[in-house]
Amino acid sequence: MDSISEHLSHLSPREREIAHLVACAQSNAQIGEALDISPKTVETHLRRAYERIGIGVETGRRQRRIALAVAYALAHHDHPEVSHAKPPLP
């Protein structure tokens, strides 16, 4: 568990925000709309987040999203709102 939290601590605040929305099962388009950024910018943040926590590019897109969502949820397991809450809009 500490290892997961440690990896997530390397994410930027925006990457953590996006990881939270991925954990809430939001699509790139939905994340972009919520954060007022393009889906392509969301993908860029996700790519950097994957690199920072060691999820390789050889892993498929869906598997990367699942791995990030699971990592985020495990790191925030004591916060039940992770599974359904949306962060406030900026």
Side-chain angles (χ1 to χ4, degrees):
M1 205 72 100
D2 293 329
S3 176
I4 292 169
S5 294
E6 183 179 324
H7 283 307
L8 289 176
S9 72
H10 296 296
L11 299 182
S12 71
R14 182 61 105 180
E15 290 164 351
R16 280 193 299 275
E17 188 173 26
I18 289 172
H20 173 89
L21 291 170
V22 168
C24 293
Q26 300 291 303
S27 69
N28 287 1
Q30 291 168 321
I31 294 168
E33 185 176 322
L35 301 178
D36 198 29
I37 59 177
S38 75
K40 186 69 174 168
T41 300
V42 172
E43 186 59 39
T44 298
H45 284 296
L46 284 172
R47 187 179 66 250
R48 289 183 186 146
Y50 299 146
E51 290 170 1
R52 290 178 199 243
I53 65 173
I55 300 173
V57 294
E58 68 281 353
T59 307
R61 181 180 182 273
R62 184 178 178 101
Q63 288 80 12
R64 287 191 309 253
R65 288 181 73 87
I66 291 169
L68 181 62
V70 167
Y72 187 88
L74 286 173
H76 296 86
H77 70 281
D78 55 340
H79 301 285
E81 71 278 3
V82 166
S83 63
H84 62 288
K86 296 179 185 175
L89 294 175

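Note: hydrogens, waters and symmetry copies are ignored here, and every other heavy atom, side chains too, is used.
- Summarising the geometry, atom CD1 belonging to I31 is positioned 10.5 Å from atom NE2 belonging to H45; distances are rounded to the nearest 0.5 Å.
- Judged as a side chain to side chain donor-acceptor pair (under 3.5 Å), and not counting sequence neighbours, T44 has no contacts.
- The shortest non-hydrogen separation linking P39 to A29 is CG-CA, 4.0 Å.
- Considering only residues two or more places apart in sequence or on other chains, R52 meets the side chain to side chain donor-acceptor pair (under 3.5 Å) condition with E15.
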Residue pair E17, R14: steps toward the salt bridge (charged side-chain N to carboxylate O under 4.0 Å, His left out) verdict: CA-CA 5 Å; E17 188 173 26; R14 182 61 105 180; 2.9 Å; yes
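- If you take CG on L68 and CG on L21, they are separated by 10.5 Å, rounding to the nearest 0.5 Å.
- Taking the side-chain contact (heavy atoms from CB on, under 4.5 Å) definition, one finds that E43 meets it with N28, L46, R61, R64, sequence neighbours left out.
- Taking all atoms of both residues into account, the shortest heavy-atom contact from A69 to A23 is CB-CA, 3.7 Å.
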